[in-house]
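Below: the structure, in structure tokens.
Here is the naming used below: chain letters follow the sequence lines, and residue numbers restart at 1 for every chain.
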Number of protein chains: 2
Amino acid sequence: MLGAARELLAEAGLRGLTMRALARSLDVAPNALYSHVPGKDELVDALLDEHLGAVENPPVDAADPLAAVARMMTSTYDVLLAAPDLVPLYLARRGARGPNAQALGAHMDALLARAGVDPAAIPGARITLIVHAIGFASFDEPRAVFATSLGWLLTGIARGEESLT
Amino acid sequence: MLGAARELLAEAGLRGLTMRALARSLDVAPNALYSHVPGKDELVDALLDEHLGAVENPPVDAADPLAAVARMMTSTYDVLLAAPDLVPLYLARRGARGPNAQALGAHMDALLARAGVDPAAIPGARITLIVHAIGFASFDEPRAVFATSLGWLLTGIARGEESLT
DNA sequence: CAATATAACTGGACAGTGTACAGTTCGACA
DNA sequence: TGTCGAACTGTACACTGTCCAGTTATATTG
């Protein structure tokens with residue numbers, strides 16, 4: 001069912017992802033879906049988290065942890081862009097909260113800690129990086145702009161400055 | 001009509017902002033609205049741009065242009081949060097493109113230029129800052145996290161680094 | 001094997017959505 | 001006074017997500 005939903009999204013786009021169309025593609029009555037999933041929101045959530053499985057997880061003990069974070073976020077960005085129709089859904093659902101999303105978050109926290117980021121600042125840094133990746137994927141700017149701004153962000157995070165307010 | 005739409009949004013939320021409800025609040029048949037606006041998207045666009053009129057425009061010749069950018073973005077963030085129901089719409093419509101949005105963009109470009117940012121990097125920096133503000137407003141994190149990460153971003157932008165990829 | 005519990009399905013419906021079409025009312029202006 | 005055009009109405013279409021009651025098929029028991 002998740003697979004059919006993914007296919008449907010790829011073929012018919014965000015607008016085409018409807019319970020009825022999904023049921024049609026499974027040769028089933030629309031309400032039969034509700035035996036497998038409580039509602040469309042939950043289906044979408046599952047779709048979002050599953051998709052995050054493709055994000056690259058660099059080793060936690062990488063030589064340069066900050067570069068590893070950069071690789072991770074770039075991979076996230078690429079994965080998001082690989083299914084552009086999914087991006088508005090990440091926004092509408094405020095990210096993903098399934099097992100894949102949580103594993104990625106934990107992984108990133110570990111890398112940030114190893115990069116010497118103040119522990120108290122880690123959650124904020126994680127959120128910032130996630131918002132940054134999803135936001136950029138949403139506004140689909142050229143990839144170079146994303147890379148540049150990711151560099152800006154990591155520079156700032158690494159130096160731990162926070163005046164200017 | 002825009003006013004009624006704004007009120008309706010405030011009272012009934014994002015979900016309650018429907019053409020039919022808007023028509024009802026104006027004591028008019030639903031399709032009468034289409035004499036004034038081509039469709040719901042355009043109505044929403046107008047709503048979004050109008051709302052940006054509340055963003056603070058610091059003087060372009062401020063002593064510290066980078067601090068002025070920070071003030072501008074903080075004000076944007078506050079304005080966005082003042083109408084949380086509008087935020088998902090900014091995302092869905094990929095920002096605003098009306099006169100207010102354009103004026104703000106031009107203003108920011110001028111400030112970034114005065115702050116010594118490489119002219120070629122200005123559009124990217126502008127987009128980055130906008131994505132950052134809208135993204136944070138969307139994920140509604142504590143305000144302090146926004147401020148901190150804005151500091152990170154501006155630090156990076158000002159130093160013009162872009163390695164790490 | 002037969003009986004039963006349970007998961008998966010169906011038909012039909014409800015209340016809503018944005019919007020198109022054709023036709024009417026009405027105020028402003030020549 | 002006559003005409004024009006904007007603003008409106010009634011009706012309708014093709015959708016949406018989801019609920020309810022009832023049916024079928026499958027799996028698990030006695």
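For A/Pro88, the side chain to side chain contact (heavy atoms under 4.5 Å, CB included) test picks out A/Leu14, with sequence neighbours left out. Residues passing the ring-ring contact (aromatic ring centres under 6.0 Å, His included) test with A/Phe136 are A/His132, A/Phe146, sequence neighbours excluded.
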How does protein reach along nucleotides 15-23 of chain D, written 5' to 3' as B (base within reach of a heavy atom under 4.0 Å), S (only sugar-phosphate), or - (no contact)? -BBBBB---

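Between the CG atom of B/Leu22 and the C1' atom of D/dA7 there is a distance of 15 Å, rounded to whole Å. The interatomic distance linking A/Asp27 (CG) with C/dC9 (P) rounds to 11 Å, in whole Å. Distance CE (A/Met1) to C1' (C/dC9): 13 Å, rounded to an integer number of Å.
One finds the CD1 atom of A/Ile157 at 11.5 Å from the CZ atom of A/Arg126 (value rounded to the nearest 0.5 Å).
The pair A/Asp41-A/Arg93 meets the salt-bridge criterion, since a charged nitrogen lies less than 4.0 angstrom from a carboxylate oxygen.
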I'd like to know whether B/Leu80 forms a side chain to side chain contact (heavy atoms under 4.5 Å, CB included) with B/Val55, so could you lay out the CA-CA distance, the side-chain angles of the two residues, the decisive distance to 0.1 Å, and finally the verdict. CA-CA 9 Å; B/Leu80 290 178; B/Val55 174; over 6 Å; no

CA sep, side-chain torsions, deciding dist, call: B/Thr74, B/Asp78, side chain to side chain contact (heavy atoms under 4.5 Å, CB included): CA-CA 6 Å; B/Thr74 305; B/Asp78 288 337; 4.1 Å; yes

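The side chain of B/His36 places no N or O atom within less than 4.0 Å of a non-bridging phosphate oxygen (OP1 or OP2) of D/dA6.
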